[in-house]
Structure formats: structure tokens, C-alpha cells
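Predicted model, so just to flag it, every value in this text is computed and none were measured.
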Amino acid sequence: MTEHSIPDEGRQPRAARPAAPADPRGALVRAPKARDTPGAAALPAQPQARTGDSTASPSDEHSQSSGPSGQQPDPHRPRPDQGGGQGGGHDNPDGVPPGAPGGEERRTGQPRPPGSGPAAMRRDGDRLRFVGAATRRIARGIDLDEIVMGLCRATVPTFSDAILVYLRDPLPVGEERPSGALILRLRRTDRIPEEPDTEGGTMPALQVQTDLVTTAELCEVRPGGALAEVLRGVRPVFADAPAARAALPELLGEGRTVPSGQRTILAPLRGRRRVIGAAVFLRRPDRPAFEGDDLLVAAQLATHSALGIDKAVLYGREAYIADELQRTMLPETLPRPTGVRLASRYLPAAETARVGGDWYDAIPLPGSRVALVVGDVMGHSMTSAAIMGQLRTTAQTLAGLDLPPQEVLHHLDEQAQRLGSDRMATCLYAVYDPVAHRITIANAGHPPPVLLHLGGRAEVLRVPPGAPIGVGGVDFEAVELDAPAGATLLLYTDGLVESRLRDVWTGIEQLRERLAATAQLTGPDHPPPLEALCDDVLDMLGPGDRDDDIALLAARFDGIAPSDVAYWFLEPEDATPARARRLARSALERWGLEELTDSLELLVSEVVTNAVRYASRPVTLRLLRTDVLRCEVGDDVPQLPRLRQARATDEGGRGLYLVNRLARRWGATRLSTGKVVWFELNHGSNPESSSN
């Protein structure tokens with residue numbers, strides 16, 4: 001751009017002049033002072049090397065090939081191209097090709113007036129460099145706020161002294177057709193703050209700055225109005241253009257004014273399909289006014305910003321879909337089965353990869369048991385999450401059939417092969433029985449679980465590793481281990497223990513040591529709280545340890561004491577319901593729960609009578625005393641009972657109706673050998689009131 005010489009009279013020496021204050025974002029916060037010479041450049045000039053200076057700006061290396069007066073150019077310095085926007089050499093200071101006096105206008109091809117070429121060409125070069133730097137800064141943004149901030153920071157104070165960015169509210173996504181009126185919302189403003197200049201005075205503030213700060217936040221674009229016409233035209237316009245005179249008050253609000261003449265540019269923001277907003281660029285009265293070519297700069301900034309905003313909105317929608325997908329794939333809440341407490345954590349691989357193939361689950365089973373599942377599908381993409389959801393659903397279905405853990409893994413392996421030849425996953429499936437204080441575990445290529453004992457000892461359980469799910473043609477083996485009361489079982493995926501900085505077995509050993517150290521803090525007789533334990537385990541991750549998503553499931557085994565369990569086998573005879581009532585009454589007397597005698601006898605009689613009517617093998621009756629009283633009746637008939645409304649002339653069909661009215665909860669589960677019908681009653685030590 002053009003540099004006009006300024007007399008040195010009255011200037012302070014360079015070393016004594018105070019440096020211009022810098023904005024934290026790296027750009028000068030004061031605008032260049034107005035030049036006395038008319039027609040000064042619209043953009044801030046690059047520093048000009050004066051006589052006696054030993055350094056020059058990078059732009060001077062291209063625009064000036066000769067040194068100060070009386071010096072010859074360095075013969076070793078590469079000479080810039082003659083002509084173009086870079087300026088000429090010592091013999092051709094205007095950059096005009098030899099033999100073409102004055103040169104030709106680049107746009108029109110007409111002869112250029114002498115003395116007008118170099119300044120215009122340097123201004124064009126400055127604009128190109130500015131547009132390139134600004135668009136790179138805008139393109140670095142990923143989300144909506146980053147892109148809008150990039151536009152503001154790139155233009156203030158280099159291109160304008162203030163900027164207002166309006167965006168459509170709500171922003172349409174992709175191919176969506178917006179309905180209703182076009183509403184523009186003020187998304188962000190930026191300006192040069194008022195500050196003292198180098199002579200101790202005060203830089204004049206933008207005259208309309210106070211009004212712009214308090215401008216209307218929302219603007220409804222009237223169909224057929226002046227603002228709608230400007231937005232439809234897409235091209236930026238000056239404030240003194242006929243179309244903008246009425247459009248700017250409509251956008252900013254009545255009573256707001258902007259700098260007159262060519263000191264304000266209104267630039268529509270058009271995305272791929274439609275106009276999504278507008279940007280207003282303003283310059284102070286002490287700054288040179290915008291030029292005609294600055295409309296092209298504003299158009300470039302508006303185009304790049306609008307396309308970036310379009311992509312950011314699409315990215316935000318994809319991130320929302322990913323979050324929703326992950327949320328629905330994983331349990332929203334964990335169940336509260338009898339005799340075990342649960343806690344879980346899930347961490348995505350990164351903010352930009354919010355979905356993955358890791359999952360965990362806790363599934364209540366008949367007999368107060370619970371299935372604990374953790375798995376990891378290869379990769380952490382949307383495809384991995386979809387496969388994970390299918391495998392998790394399959395595992396829940398298989399768990400409802402009460403299959404052994406090794407059989408569940410076998411069916412999961414078959415399901416993975418049906419999904420595709422490259423669908424690989426690891427999985428660990430465990431079933432905890434709080435009555436027997438035992439746990440049965442089967443593994444399919446997954447890292448082994450860690451058991452934290454009550455005394456503080458952490459043990460890596462020896463479980464056959466097995467082959468990953470999806471390999472096909474392999475057998476899975478299950479082991480049964482003790483699950484003492486007070487112990488904590490930790491199931492996890494390999495993202496917790498494996499990374500670029502450590503192998504899986506080193507990570508497992510660090511996890512074991514971390515659990516043991518955490519248990520020492522609460523003493524040998526008190527296990528650490530589950531939630532705090534999960535947080536402490538995740539704290540072991542270092543900066544380079546997040547290569548994969550992480551699923552974590554912790555189970556605290558409380559168990560059910562043998563004294564709180566009553567179990568009988570009853571023959572399918574006519575006298576069995578009466579015997580079941582007597583056995584249930586005696587158990588309540590032993591536990592001191594006589595207040596439940598009437599309700600329990602009635603419900604036990606109804607459920608046992610229904611089982612005896614169809615069973616061919618002995619019927620099981622079990623009572624469990626925990627925070628509630630639970631009754632379970634099992635038989636060898638797989639058909640599940642259904643609740644129905646009996647008619648007045650029916651002799652039966654009212655048993656389940658009574659159970660539904662009197663019990664706190666009830667249900668029926670199909671087993672491989674028949675079914676179990678269960679119900680729960682609140683007792684005096686339980687603070688919850690009985691339902692219905």
C-alpha cells in the first residue's frame with residue numbers, strides 16, 4: 001500500500017517513542033493516524049524503512065529493492081519479479097515492464113496514468129495479503145463461536161474499527177427449509193477501545209459506538225423491505241448506497257446512526273443455500289474511508305465466514321447426534337439390585353470423537369442375581385457405536401433367558417459374524433449371586449477384572465482370556481470365584497490401561513496399585529466409596545493416556561446373609577398352597593415381620609396355586625429379607641403369566657390382580673428350565689411406603 005513521507009520535524013527519536021499498546025490477541029488496539037495527504041490507503045501501512053534504519057519489514061523486502069539514498073542494492077539479494085503487485089527493482093521502481101511507459105491497467109487494459117501505478121499495486125498486494133491471513137484465521141475455527149470470533153479479530157483493527165455480526169435465529173442446518181419470519185440476532189461485536197495516543201492525547205472514539213453497543217439484539221427482516229433487498233442481493237454495499245440507507249436503520253434499530261459516506265459497509269452472509277446473516281464494518285471519522293476495492297475484501301470475508309458458519313452448524317448437529325447416540329447406547333441409570341451397589345463412568349476418546357464402541361451394562365436376573373457386562377468394539381466411530389448398540393441389545397436379550405456366561409458370549413460371537421466379517425469386539429460377562437456369594441465370569445479377549453478386597457488387597461482375577469467376539473469357531477470358558485462381602489469388582493475397557501506410553505499389562509499393574517493405595521485411605525474395615533473410587537481410578541490417566549474411549553463399571557458386593565434367606569422345594573400337590581402359607585408365616589415370625597403375615601400369605605397362596613396347577617416338577621419357594629421382603633416362586637412351565645381383568649362370572653383369573661394391587665413391585669422372568677414369578681413387599685424397617 002502507499003506510504004507517504006512525513007517530515008521528521010517534531011518527531012521523537014525512534015528509541016524514545018513509546019511503543020503502541022498491544023491487544024492480547026496480538027493486533028494493535030489503536031488505529032493508524034490519518035494521513036494529511038488525500039487518498040491515503042484504506043489499510044494500515046506496513047512499517048517503512050527510513051534513512052539510517054538497519055531493518056525493514058518483510059513487506060519492504062518485496063516492495064523496495066534499493067536501499068537508502070546513496071546505497072547500491074545488495075547483489076546477493078534475490079530480485080523480485082518485474083511487474084505484478086510486488087513492485088519493480090531499482091531500474092524499474094514502478095514495476096512497469098520495460099518498453100511500456102506507464103504500463104496498463106490490470107482490470108481495463110487501458111494505459112495507466114504516470115505515477116498512479118505503484119501505489120495502487122502496493123495497495124492491491126496489501127489487500128491480498130490481508131485477505132489471505134484473515135481467511136486462514138477464519139478457517140481455523142471449528143465451532144460457531146470460533147468462526148465468528150475469527151472474523152472479528154481478523155478485521156479489527158486491520159480492516160475496520162468496529163464490526164457487528166448478525167446471524168439468523170435459529171440457524172438452519174443443511175437442507176432444512178426455515179419456516180416463519182427471518183430473524184437476525186446480534187451474535188458478536190468488536191471494536192477498538194478508546195486509549196491515549198503517543199502524544200498523550202486521546203484517540204477519538206467511534207462516534208456511534210455508544211449507540212452500536214446498545215443496538216437492538218433482534219431484528220425481524222420485513223419481506224420486501226430494504227434490508228431484505230440488500231440481503232437478497234448478496235453483494236456488500238456502502239452506507240451511502242440507496243439500498244443501504246433504509247436497510248441499516250432496519251437492521252440496527254431506529255435512532256441508531258452510522259458513520260456517513262463510505263465509512264460503513266453492510267455485507268450479507270450467504271451460506272451454501274441461503275442468507276444466514278449480515279456483517280457491518282465501520283471506520284472512524286479520523287480513518288481513511290473505505291475504497292471501492294474494499295467491497296471485494298468485505299465480500300471475501302463474508303463468503304468465507306458464511307461457509308465456515310454453515311460447516312460449523314453441520315458439525316454441531318453431528319456432535320449432537322453423536323451425543324444422543326452415545327447416551328441412548330449406554331445405560332442412562334444403573335439398576336439397584338439386591339445385595340450389590342454399582343457405579344460407572346464413560347469417557348470418550350476426545351471432544352471431536354464423542355462416540356465409540358465401549359459399553360457397560362448391569363442387568364438384573366432372576367434369583368436376585370445381576371449380570372455385569374463390559375465390552376469394547378474395535379474403533380471409536382459412529383459405525384463402532386452402532387455395532388456396540390446391537391451387541392448390547394443382544395446381550396440384554398440373552399441375559400433375560402438366564403443363559404450361562406459362556407453361552408451368552410457364544411451367541412454374541414454368532415451375532416457379530418452375522419453383522420459382518422470384520423466386526424470384532426471384546427467382552428467380559430459376569431453373573432453375581434448375592435445369596436451364594438459367588439461370581440461366574442466368562443471372557444472374550446477382554447482385559448481381566450480387578451477385585452479389591454475389604455482389607456485393601458487388590459487382585460487381578462485369573463480368567464481364561466478367550467478369543468474376541470467375531471472370530472468364530474471358538475469355545476468360551478467360564479470360571480466361578482468367591483465374591484466376599486465388602487469386596488469391589490472393577491470391570492473396564494483397555495482404554496484405561498493401554499496407551500502409546502504403556503502396554504496393557506503395565507497399565508493393569510498400575511491400576512491394581514492405585515486401587516490398593518486408595519483402599520488404604522479408608523482403613524481395612526471400610527471400603528472406599530464407589531463414586532470416589534471411580535474418580536480416583538480415572539485420575540491415574542496422564543496427558544498421553546487418552547488414546548481410546550473408556551468404560552468403567554464398579555460393583556460393591558454386599559451380599560445377602562444366609563440368615564436372611566428361606567428356601568423350600570414343594571411338590572405340585574393340592575395341599576401345597578396351604579403348606580406354603582405355613583412356611584411363609586414361620587419365616588416372618590423368625591424375622592420379626594409379623595405385620596406382613598396377612599399380605600404375604602394371600603400373595604404366596606395365589607402365586608403357588610397357579611404354579612402347582614401347571615407344574616410337573618417340584619415348585620421352589622424362596623423368601624429374601626433385605627431392605628424389602630422378596631418372594632420368588634419357580635416352576636418348570638415357560639409360559640409367563642399375564643395380568644388381565646377377570647369378568648364377574650369367572651371363577652379364577654384374579655390372582656395376579658391381587659399381586660399387582662398389594663405388592664410394591666412384581667414381575668415374571670423366563671428361565672431355561674421354566675420361569676420365576678416374584679414380588680416385593682415393604683416392611684417396617686424400610687422407609688419407603690407401600691405402593692397402592
Side-chain angles (χ1 to χ4, degrees), residues 338 364-369 400-402 433-436 560 562-626 628-684 690-692:
T338 303
L365 300 178
S368 298
R369 296 170 300 150
L401 299 177
D402 198 27
D433 189 343
V435 177
I560 301 176
S563 58
D564 293 329
V565 181
Y567 193 83
W568 302 278
F569 285 94
L570 305 174
E571 293 294 332
E573 302 172 347
D574 294 340
T576 297
R579 184 187 176 197
R581 291 194 295 270
R582 291 193 302 269
L583 295 174
R585 188 187 313 117
S586 62
L588 293 181
E589 292 173 353
R590 185 169 67 251
W591 292 333
L593 301 177
E594 291 86 352
E595 70 276 7
L596 299 179
T597 300
D598 293 339
S599 298
L600 182 62
E601 284 189 358
L602 176 60
L603 300 185
V604 164
S605 179
E606 293 293 338
V607 176
V608 171
T609 299
N610 187 73
V612 169
R613 179 177 301 173
Y614 303 103
S616 58
R617 296 181 181 179
V619 175
T620 60
L621 173 62
R622 184 165 74 167
L623 298 180
L624 303 172
R625 183 186 64 166
T626 56
V628 296
L629 180 66
R630 182 182 178 98
C631 176
E632 300 173 351
V633 178
D635 58 59
D636 60 345
V637 180
Q639 285 78 18
L640 299 180
R642 302 297 180 188
L643 181 64
R644 63 183 181 88
Q645 189 72 34
R647 293 172 296 185
T649 57
D650 292 341
E651 295 183 359
R654 297 176 178 83
L656 286 183
Y657 178 78
L658 294 174
V659 173
N660 184 63
R661 294 293 298 174
L662 298 179
R664 174 179 176 267
R665 291 193 310 156
W666 76 277
T669 306
R670 183 179 286 109
L671 307 177
S672 57
T673 58
K675 68 174 181 294
V676 168
V677 180
W678 58 270
F679 61 85
E680 294 176 350
L681 295 174
N682 291 325
H683 53 73
S690 178
S691 58
N692 299 324

Keeping [X] on the side-chain end and [Y] on the backbone end, is there a donor-acceptor pair under 3.5 Å?
X      : Y      : answer
Thr576 : Glu573 : yes
Thr620 : Gly634 : yes
Ser586 : Leu583 : yes
Arg665 : Glu680 : no

Results of side chain to side chain donor-acceptor pair (under 3.5 Å) for Trp666 - residues two or more places apart only: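 Applying side chain to side chain donor-acceptor pair (under 3.5 Å) to Trp666 gives Asn660.
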
Residues that Ser563 engages under side chain to side chain donor-acceptor pair (under 3.5 Å), provided they are two or more places apart: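 If we apply the side chain to side chain donor-acceptor pair (under 3.5 Å) test to Ser563, skipping adjacent residues, there are no hits.
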
Shortest non-hydrogen separation from Leu681 to Leu662 and the atoms involved: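 Looks like CD2-O, 3.6 Å.
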
Where Leu629 and Trp591 come nearest, the two heavy atoms and their spacing: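 So the minimum-distance heavy-atom pair works out to CD1-CZ3, 3.8 Å.
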
Residues which pass salt bridge (charged side-chain N to carboxylate O under 4.0 Å, His left out) with Asp433, listed by chain and number, not counting sequence neighbours: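 Residues passing salt bridge (charged side-chain N to carboxylate O under 4.0 Å, His left out) with Asp433: none at all.
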
SB check Glu601 Arg581 (cutoff 4.0 Å):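 Looking at Arg581 together with Glu601, the answer is no, because their closest N to O distance does not fall below 4.0 Å.
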
Electrostatic pair Arg617-Asp635, nearest N-O below 4.0 angstrom: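 So Arg617 does not pair with Asp635 through a salt bridge.
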
Interatomic spacing from CD in Glu595 to CG in Leu588 - rounded to 0.5 Å: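 Between atom CD of Glu595 and atom CG of Leu588 there are 8.0 Å.
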
Value rounded to 0.5 Å, distance of CG in Leu593 from CG in Leu600: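 It comes to 9.5 Å.
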
